[in-house]
Amino acid sequence: MIQDIYPHKLKNTYNPGLVPDGNSLVIHFDNEGRILVKNEGKPFLRLSDIKTMPERLTYLFSMDEDNIFLIEDDNVDVPSDTTYMKIRDFRKKEAVPKKSIFEAFTAKQLGTWYQNNRYCGKCGSKTGRSDIERAITCPQCGNIIYPRVVPAVIVAVVKKGENRSDDKIILTKYKGRQDVPYYALIAGFTEIGETFEETVAREVKEETGLLVKNIRYYKSQPWGVADDILAGFFCELDGSDEIKMDDGELAVAEWLTREQVVLQPDSLSLTNEMMSLFKEGNEPI
């Protein structure tokens, strides 16, 4: 998955006093949320590559020995061999290391948080930064704003057959993406007052009309571009297998055998890992 970057290691300890130097990696997002990358070679720029020193540089995190800073200026005087790319396109770019994609996703999460909280949502005053923790503070009313992390679930619903080879899984395609050759699992955000298990049951019922049992946790994954922390669950069909699809959200929802599962083109997502386990007959029982 995207966070499986060993032997590289993300160090996200807050260090507001860290001073950038010419060798620091810098990341910038334009007003459309696109990320600044090099056209060739290593994807991100060093501070020494920037023509004019940015006015606002914020330390984000480190990857191994690289300290990574966010350029918060609205405009940046960049070299000619760079471009702004959508995160989704950057993810698909050939020869980009997985660790760089993880850096981009995590930087996007923090960058969006900083941008969206320049003013206090409680009193409207201009905000500042905490000196002791990763938090945005309001000097007027004392409001403290922490990075936004949104819990969500990924769900693999399995229909048991007489033999494991006869088992099926329900796979989906989102509305507007029915022409994509690969599938996804049922997914959704946890609502106020819900447990993860309750979210699993609700999302399956809302999207497919099915009931489930034996809900069991598998693994989690950060997904920074949507502020998510994803929790993966396997569960079993309970009762009728008739699908009543929510056509407001989904274009496809169908039961497929292990052989029929078409995996996503990369190994970045928890969804793909869970589908792969089922396809290979290795899902947890």
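All values below come from the heavy atoms of this structure, side chains included, with hydrogens, waters and symmetry mates left out.
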Does the ring centre of F90 sit less than 6.0 Å away from the ring centre of F44?
yes
Quick one: do [X] and [Y] end up in the same hydrophobic cluster if we chain Ile, Leu, Val, Met, Phe, Trp and Tyr together by side-chain heavy atoms under 4.5 Å apart?
| X | Y | result |
| --- | --- | --- |
| Y114 | L57 | no |
| V180 | M274 | yes |
| L256 | L185 | yes |
| I101 | L36 | no |
| W255 | M245 | yes |

State whether the side chain of [X] and the backbone N or O of [Y] hold a donor-acceptor pair below 3.5 Å, judged by distance alone.
| X | Y | result |
| --- | --- | --- |
| S276 | N272 | no |
| D21 | N23 | yes |
| D73 | R56 | yes |
| S48 | G22 | yes |
| Q140 | S125 | no |
| K219 | L270 | no |
| D238 | L211 | no |
| T172 | A184 | yes |
| K122 | N143 | no |
| Q221 | L268 | yes |

Side-chain ion pair, [X] and [Y], N-O less than 4.0 Å:
| X | Y | answer |
| --- | --- | --- |
| K175 | D247 | no |
| R46 | D66 | yes |
| E283 | R216 | no |

Which heavy atom of [X] sits nearest to which heavy atom of [Y], and what is that distance?
| X | Y | answer |
| --- | --- | --- |
| K93 | K38 | NZ-O, 3.0 Å |
| G161 | D167 | N-OD1, 2.7 Å |
| I50 | D77 | CG2-O, 3.8 Å |
| R148 | Q109 | O-NE2, 3.1 Å |
| E206 | D246 | O-CB, 3.4 Å |
| M63 | F102 | CE-CD2, 4.3 Å |

Using 0.5 Å steps for rounding, measure from the [atom1] atom of [X] to the [atom2] atom of [Y].
| X | Y | atom1 | atom2 | result |
| --- | --- | --- | --- | --- |
| D4 | M1 | CG | CE | 5.0 Å |
| L263 | M275 | CG | CE | 5.5 Å |
| R134 | Y146 | CZ | OH | 12.5 Å |
| K159 | I170 | NZ | CD1 | 9.0 Å |
| R91 | D89 | CZ | CG | 11.0 Å |
| R34 | K108 | CZ | NZ | 11.0 Å |

Assess whether atom [atom1] of [X] is packed by more than 12 heavy atoms of other residues, nucleotides or ligands within 6.0 Å.
| X | atom1 | result |
| --- | --- | --- |
| R129 | CZ | yes |
| K86 | NZ | no |
| Y119 | OH | no |
| R88 | CZ | no |

In sequence, state the C-alpha distance, the side-chain angles, and the governing distance for F189 and D228, and then conclude on side-chain contact (heavy atoms from CB on, under 4.5 Å).
CA-CA 9 Å; F189 294 106; D228 291 356; 3.2 Å; yes
Report the residues that fulfil side-chain hydrogen bond (donor to acceptor under 3.5 Å, both in side chains) with K244, sequence neighbours left out, ordered by chain and then residue number.
none
Under 3.5 Å side-chain donor-acceptor pair for S269 and Q264
yes
Assess, by modelled atom type and distance only, whether the side chains of Y84 and E32 contain a donor and an acceptor separated by less than 3.5 Å.
no
Find out whether the Lys NZ or Arg CZ of R258 is both under 6.0 angstrom from the six-membered ring centre of F278 and within 45° of the ring's axis.
yes
Parallel, tilted or perpendicular, judged at 30° and 60°: which one describes the rings of F233 and F196?
tilted
Taking the side chain as every heavy atom from C-beta outward, state whether V200 and C235 have any atom pair closer than 4.5 Å.
yes
Between K92 and P265, is there a side-chain heavy-atom distance shorter than 4.5 Å?
no
Test side-chain contact (heavy atoms from CB on, under 4.5 Å) on F29 and T112 and set out the steps.
CA-CA 9 Å; F29 297 96; T112 300; over 6 Å; no
Option passing side chain to side chain contact (heavy atoms under 4.5 Å, CB included) with H28 (candidates I35, V37, N75, I71):
I71
Worked verdict on L110 versus L70 for side-chain contact (heavy atoms from CB on, under 4.5 Å):
CA-CA 9 Å; L110 286 171; L70 175 69; over 6 Å; no
Please assess L25 against L45 for the test side-chain contact (heavy atoms from CB on, under 4.5 Å), listing each intermediate value before the final yes or no.
CA-CA 6 Å; L25 287 178; L45 283 72; over 6 Å; no
side-chain contact (heavy atoms from CB on, under 4.5 Å) with K42: which residues, sequence neighbours excluded?
none
What pairs of donor and acceptor atoms, side-chain ones from residues 6-19 against any protein atom, are under 3.5 angstrom apart with sequence neighbours left out?
unit_1	atom_1	unit_2	atom_2	d
H8	ND1	D64	OD2	2.6
K11	NZ	D64	O	3.1
Y14	OH	S130	O	2.8

